[in-house]
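Down below is the structure, laid out as structure tokens.
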There are 2 protein chains.
Amino acid sequence: MTETGPDEAVPGESFGGVTPDAARRLLLAAVEAFAERGFHATTTRDIASRAGMSPAALYIHYRTKEELLYHISRVGHERTVCLLTAAEQSGHSVTERLDGAVRDFVRWHAAHHTTARVVQYELAALGAEHYAEIVTMRRRTEEVLRGLLADGVSAGEFTVPDIPGTAVAVLSLCIDVARWFRTDGPRTPEEIGALYAALVLRMVGGEPREADYQ
Amino acid sequence: MTETGPDEAVPGESFGGVTPDAARRLLLAAVEAFAERGFHATTTRDIASRAGMSPAALYIHYRTKEELLYHISRVGHERTVCLLTAAEQSGHSVTERLDGAVRDFVRWHAAHHTTARVVQYELAALGAEHYAEIVTMRRRTEEVLRGLLADGVSAGEFTVPDIPGTAVAVLSLCIDVARWFRTDGPRTPEEIGALYAALVLRMVGGEPREADYQ
DNA sequence: ACGAGTACTAAGCGTGCGCTCAGCAAGCGA
DNA sequence: TCGCTTGCTGAGCGCACGCTTAGTACTCGT
């Protein structure tokens, strides 16, 4: 489990299972290029040359440039939904569950900020059908968070007058980490995860564990 | 002052001073198109036809497509810096100043979400020189917010262990409103401004005015 | 040894892009 | 009345894009 290193040392962690090797290399090259320039400003020639191949090689493994984006988006969304549901189903108090959810979610967005940037900010370039599928997964993400907030209110641990609005705000906060995070910045993904978990617990009127929030 | 209406009723409010008329129409058309599809997916033909003109007309008023984006970005950033500094210099308590700053900033990003989306999320498409200029204005925004947090801590009204980190988080929260806000959604820009102001006051360990936080 | 299948490349097709240019109609001072 | 300026259009240049096609080297079962 090297996924929490200070750098994006294992950028393909989520794509490790993709075969054949050339298909994975193309996927990683696309992530890099899309994150750097955006989908529409990236050329298929750029992706192929980053993967050390000719432009035509791309079309052996993927039918279109959009399909590459779709694969990246799907794997990324599966990963984030997975992170959140895991935190939701861990057996501690609601405060600890929300703390863990935000911490892991933010840490992933920082550690894999290149992938996360594509996953979170290039949605609009998807085709209509793929877009609809991804939006469904995003709704699931929001539902998990709303459920956590509602549980916290029921348990008397949180005070949240507007649960849907607060859920959107919390997701905004966490997702946006992918936009501004730089590997050479002053904070590690762990530190940002801890900071954001504390901030979110304050937002929901919980009791932050001040030990973590120096 | 109709800028706070429920819809983006005055989308060109910030561009009202632009002359001649055709230049303003092109600017508004570009805002619409960039917000909808993104800079790179927008064609100059699209912009021109939205403004009711031929493609060549664009180049009478602007030297390149990028210059259109630069104008939009500049005016938008000037407006947001202006909003923040106005709130910073109002004469009330730090709590009220931060409350007002977040409220106005968020309200603008919701009410003018089309412009704000371009201003906040299409930066990467700017040329190197224009980009550098805009980044300077964004640094100013961050400084104002950091100043407010520091003042609040000095005055004993806030508890903020990590001022730079919290400032980034607050800005993320507010800016991201432009990404998800829909005019036909359940909330008005005022309501979102009030909700976010309350959430931010909680984040900084202040005393939210619960009357506003319904 | 050899034919089939796989993974790839060199070359390039057709399209639509950003942008240009010659020309025209309207407004206007002299 | 005339020539100059302003604001615009129709046509289109040159280029780079997404993607295709024909062909090649290599692997492998038999």
Side-chain angles (χ1 to χ4, degrees), chain A residues 12 15 17-73 118 122-131, chain B residues 12 15 17-73 118 122-131:
Chain A
F15 306 111
V18 177
T19 53
D21 179 70
R24 196 181 63 256
R25 267 159 51 219
L26 284 164
L27 216 49
L28 293 175
V31 166
E32 230 180 75
F34 291 163
E36 222 169 83
R37 310 195 206 287
F39 177 82
H40 289 293
T42 297
T43 69
T44 54
R45 284 164 236 264
D46 184 21
I47 297 169
S49 80
R50 281 179 200 245
M53 307 169 85
S54 79
L58 196 151
Y59 295 91
I60 311 263
H61 301 283
Y62 303 94
R63 276 182 307 163
T64 63
K65 184 173 97 165
E66 189 265 355
E67 199 173 273
L68 267 165
L69 176 63
Y70 168 64
H71 269 73
I72 294 163
S73 208
V118 177
E122 299 294 328
L123 284 189
L126 288 168
E129 286 175 31
H130 290 162
Y131 181 77
Chain B
F15 306 110
V18 176
T19 54
D21 179 69
R24 198 181 59 254
R25 270 159 49 219
L26 283 164
L27 217 49
L28 293 174
V31 166
E32 231 179 74
F34 291 163
E36 223 169 81
R37 311 195 205 287
F39 177 82
H40 289 293
T42 297
T43 69
T44 54
R45 285 166 236 264
D46 184 21
I47 296 169
S49 79
R50 280 181 201 246
M53 307 169 85
S54 79
L58 196 151
Y59 295 89
I60 310 263
H61 301 284
Y62 302 95
R63 277 182 305 164
T64 61
K65 182 173 98 166
E66 189 265 356
E67 199 173 273
L68 267 165
L69 176 63
Y70 168 64
H71 269 73
I72 294 164
S73 208
V118 178
E122 299 294 329
L123 284 190
L126 287 168
E129 284 175 31
H130 290 161
Y131 181 78

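Letters A, B, ... are given to chains in the order of the sequence lines, protein chains preceding strands, and every chain is numbered from 1.
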CG on A/Leu27 to CD1 on A/Ile72, rounded to 0.5 Å | 5.0 Å
Please tell me if the side chains of B/Leu58 and B/Leu68 come closer than 4.5 Å, counting only heavy atoms from C-beta onward.
-> yes
Specify the residue among A/Arg25 and B/Arg63 whose closest nucleotide of DNA chain C lies further upstream toward the 5′ end.
-> A/Arg25
Nucleotides bounding contact with chain B, strand DNA chain C, heavy-atom threshold 4.0 Å = C/dC17 to C/dC21
Does the pair A/Leu69 and A/Leu123 meet the rule for a side chain to side chain contact (heavy atoms under 4.5 Å, CB included), with working shown?
-> CA-CA 9 Å; A/Leu69 176 63; A/Leu123 284 189; over 6 Å; no
On DNA chain D, which is the earliest and which the latest nucleotide, 5' to 3', with an atom closer than 4.0 Å to a heavy atom of chain B?
-> D/dC8 to D/dG12
Rounded to the nearest 0.5 Å, how far does CD1 of B/Ile60 lie from OG of B/Ser54?
-> 8.0 Å
Nearest 0.5 Å, what's the CZ-CD distance between A/Phe39 and A/Glu66?
-> 6.5 Å
The correct set of residues in residues 32-52 of chain B placing a heavy atom under 4.0 Å from DNA chain D is B/Arg45
When you check the gap from the basic side-chain N to the acidic O, do A/Glu36 and A/Arg50 get nearer than 4.0 Å?
-> yes
Within a strict 4.5 Å, meaning less than it, do heavy atoms of the B/Leu26 and B/Met53 side chains meet?
-> yes
Point-to-point distance, once rounded to the nearest 0.5 Å, from CG of A/Asp46 to OG1 of A/Thr43 = 4.5 Å
Do A/His40 and A/Glu122 have side chains that get closer than 4.5 Å, going by heavy atoms?
-> no
Side chain to side chain, A/Phe34 and A/Ile47, heavy atoms closer than 4.5 Å = yes
